[in-house]
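Remarks on the structure that follows.
Here is the naming used below: chain letters follow the sequence lines, and residue numbers restart at 1 for every chain. Below, each value reflects all heavy atoms present in this structure, side chains not excepted, and no hydrogens, waters or symmetry copies.
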2 protein chains.
Amino acid sequence: MGTTQLEAAPEPKYWHLKTVLSEALDSEFAVGEILPNERDLAARFGVARATLRQALEQLELEGRLQRRRGVGTTVAPPRVGVDVSATGHDWPGASGDAWQAVDCVRDAAPAAVADMLETAPDESVHVLRRTRVSHGQPVAAELLYVPAASVPDLTAIDAPSGAARARAVLRELQRLGLDGQDRAVELGSARADDAKELDRLPGAPVLVVTTRYFSEGTTAAVSMATYRADTCRLTFGDTPDVEIHHAPHTQAS
Amino acid sequence: MGTTQLEAAPEPKYWHLKTVLSEALDSEFAVGEILPNERDLAARFGVARATLRQALEQLELEGRLQRRRGVGTTVAPPRVGVDVSATGHDWPGASGDAWQAVDCVRDAAPAAVADMLETAPDESVHVLRRTRVSHGQPVAAELLYVPAASVPDLTAIDAPSGAARARAVLRELQRLGLDGQDRAVELGSARADDAKELDRLPGAPVLVVTTRYFSEGTTAAVSMATYRADTCRLTFGDTPDVEIHHAPHTQAS
DNA sequence: CAGTGGTCTAGACCACAAT
DNA sequence: TTGTGGTCTAGACCACTGT
């Protein structure tokens with residue numbers, strides 16, 4: 001002891017912990033396996049629970065762990081590749097897209113969206129809610145804003161709200177010519193409503209994909225889709241689900 | 001008082017705090033302005049410093065705040081739109097791309113990268129480091145992995161490492177025909193080296209953009225670019241830098 | 001019910017930047 | 001040196017999930 005004490009730059013404990021845990025995950029745990037609880041782990045490493053939690057939080061952020069209140073901490077499977085490419089340049093709701101309509105109401109769009117739609121900030125638009133499921137798990141929740149002007153022929157026959165109404169709006173959208181679209185990705189934290197759809201706590205990290213759909217020189221619709229950042233990898237090319245592993249997996253049988 | 005005490009679902013303090021602060025930022029602070037220090041703020045809201053910090057952390061994650069040790073907490077400007085589209089289908093280093101070569105060494109690629117390159121896990125490849133600057137601020141750090149087989153004519157004349165070597169490798173890459181590329185975005189946390197380039201602390205949230213370059217049926221190079229998640233919005237369309245504001249800005253004069 | 005992760009407190013000390 | 005944010009502690013209680 002004492003011979004290797006050249007630590008000029010003292011690494012934070014939680015950072016070192018994270019490294020140690022990460023290596024342990026690679027070599028000693030299988031996907032889905034549950035870890036010891038936080039109090040035991042903290043004791044085992046000789047740190048306060050808050051410090052241990054700081055390390056776990058980072059590992060969860062990186063998609064290595066999954067924590068559920070009342071249940072425990074489990075080793076997460078590799079992130080799911082979710083295709084987000086603008087392949088067909090299709091409208092949302094085109095046949096075979098990955099989304100499922102949930103609801104539709106009329107409401108004012110948030111300022112940032114009204115800005116993109118070039119509508120008045122208080123103008124009521126159609127707000128569709130859709131969800132996207134992959135491998136049986138919900139991966140994204142979307143709010144799709146459609147100005148009334150984009151679906152002029154929408155009949156009053158359909159229900160004023162609900163999933164049926166949402167499908168009606170999407171159907172009307174298809175009648176427009178789609179000139180192109182435009183996409184951005186940024187980090188955000190889940191609002192309470194999105195968190196519920198995604199089976200996460202409010203504030204959970206999400207990747208927010210904002211898409212603008214152009215038709216006849218104007219922005220005909222805006223989609224704000226929030227993907228679970230812990231479980232998703234957004235893919236834009238033609239190779240949706242290549243296995244990316246962090247380390248050699250334990251062999252099966 | 002007491003008439004509105006119907007809170008069936010008690011909101012966490014830090015969540016409520018975040019909302020309050022967020023609204024204050026919209027209405028009472030200008031970009032670049034410095035907030036009161038954490039101890040004062042915590043006292044003002046009647047919470048422990050750790051709780052206040054939980055709220056500040058979320059706001060920083062959302063790009064609303066910027067915190068620097070020894071300096072203070074400032075109101076962040078809107079996120080910068082950074083173009084990441086695969087427009088020209090060009091090789092990295094093509095004339096006019098946004099990157100600046102920093103260094104080049106030979107090293108073994110990490111397992112996940114070796115996998116994509118279809119090289120042996122311990123095979124030495126060229127590892128280029130580049131950085132990307134936007135509006136005077138570093139926004140991304142990249143590691144570009146190039147197998148020796150992709151640049152067979154690389155001469156020994158050039159320096160064995162350093163920026164000049166990096167440019168030489170890029171120059172050789174241009175000679176290959178580029179069949180296409182393939183991109184993925186996911187959330188990560190900055191490694192120590194990337195954090196240094198990005199002027200952030202290790203562990204800071206980053207958007208990791210993985211690009212595979214295909215040539216003649218094989219993966220000729222792999223790029224792993226880490227973008228500052230707090231300050232960047234990755235854009236894929238043709239509208240790189242539309243202003244997205246969270247709320248009405250205070251008027252300038 | 002018992003056990004888990006989530007929230008919160010009131011302190012302490014450290015690393016860094018500006019003065 | 002002063003003041004800032006970053007790390008860390010040793011507790012406490014709450015909300016949720018399972019049995």
Side-chain angles (χ1 to χ4, degrees), chain A residues 7-19 21 32-61 64-76 189-190 192 195-196 199-205 230, chain B residues 7-19 21 32-61 64-76 189-190 192 195-196 199-205 230:
Chain A
E7 342 181 0
E11 208 174 33
K13 276 190 189 178
Y14 79 91
W15 186 261
H16 180 241
L17 246 185
K18 180 192 140 186
T19 308
L21 284 169
E33 196 170 343
I34 67 177
L35 270 60
N37 72 53
E38 297 182 348
R39 290 162 180 88
D40 284 353
L41 272 181
R44 180 177 312 186
F45 287 105
V47 299
R49 190 178 156 218
T51 304
L52 187 266
R53 277 180 61 82
Q54 214 172 337
L56 294 185
E57 256 150 43
Q58 286 234 357
L59 289 170
E60 191 180 29
L61 201 78
R64 309 286 313 273
L65 291 179
Q66 194 158 342
R67 298 190 289 174
R68 275 176 303 170
R69 166 153 53 176
V71 179
T73 302
T74 59
V75 179
S189 51
K196 199 163 190 176
D199 195 27
R200 299 256 57 197
L201 289 177
D230 55 343
Chain B
E7 341 182 0
E11 210 173 30
K13 276 190 190 178
Y14 79 91
W15 185 262
H16 180 242
L17 245 185
K18 182 191 139 189
T19 308
L21 284 169
E33 197 169 342
I34 67 176
L35 269 60
N37 72 52
E38 296 182 350
R39 291 164 179 86
D40 285 353
L41 272 181
R44 179 175 314 187
F45 287 104
V47 299
R49 191 177 155 219
T51 304
L52 172 76
R53 278 179 61 82
Q54 215 171 336
L56 294 184
E57 258 150 42
Q58 286 236 356
L59 289 170
E60 191 180 29
L61 200 78
R64 309 287 312 272
L65 292 179
Q66 194 157 345
R67 298 190 288 173
R68 275 174 302 170
R69 168 156 47 180
V71 180
T73 301
T74 59
V75 180
S189 50
K196 197 164 192 175
D199 193 27
R200 300 257 56 199
L201 289 177
D230 55 343

Exercise for the section: Would you mind reporting whether A:Leu65 and A:Leu35 have side-chain heavy atoms less than 4.5 Å apart? Expected result: yes
Taking the minimum atom-to-atom distance to the side chain of [X], which one of [options] wins?
X	options	result
A:Arg53	C:dG6, D:dG6, D:dC8	C:dG6
B:Arg69	D:dT9, C:dA15, C:dA18	C:dA15
B:Val71	D:dG5, C:dT9, C:dA18	C:dA18
B:Asn37	D:dT17, C:dT9, D:dT4	D:dT4
A:Ala48	D:dG18, C:dT9, D:dA10	D:dA10
A:Ala50	D:dT9, C:dA18, C:dC16	D:dT9

Are [X] and [N] close enough that a side-chain N or O sits under 4.0 Å from OP1 or OP2?
X	N	result
B:Tyr14	C:dT7	yes
A:Thr51	D:dT7	no
B:Arg67	D:dG6	yes
B:Thr73	D:dG5	yes

Fill in the blank from the handout: Pairing string of DNA chain C (Watson-Crick or G-U wobble, both atom distances under 3.5 Å; | = paired to other strand) is .|||||||||||||||||.
Exercise for the section: Check whether more than 12 heavy atoms from other residues, nucleotides or ligands sit under 6.0 Å from atom CZ of A:Arg49, and answer yes or no. Expected result: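 Yes - once you tally the heavy atoms of other residues, nucleotides and ligands closer than 6.0 Å, there are more than 12.
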Problem - Exceeds 12 heavy-atom contacts within 6.0 angstrom, atom CG of B:Asp40 - result: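 Atom CG in B:Asp40 is packed in, count exceeds 12.
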Problem - Value rounded to 0.5 Å, distance of CZ in A:Arg64 from NZ in A:Lys18 - result: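 Reported value, rounded in 0.5 Å steps: 9.5 Å.
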Between [X] and [Y], what is the shortest heavy-atom contact and its length?
X	Y	result
A:Pro205	A:Leu61	CG-CD1, 3.7 Å
B:Leu52	B:Glu38	CD2-O, 3.2 Å
A:Tyr14	A:Ala55	O-CB, 3.6 Å

Handout entry: Between P of C:dG6 and CZ of A:Arg68, the distance in whole Å
Key = 11 Å
Practice task
Between B:Gly46 and B:Arg39, name the one whose nearest nucleotide on DNA chain C is closer to the 5' end.
Solution key: B:Gly46
Practice task
Would you mind classifying the nucleic acid contact of B:Arg49 as base, sugar-phosphate or nothing, using non-hydrogen atoms under 4.0 angstrom?
Solution key: base
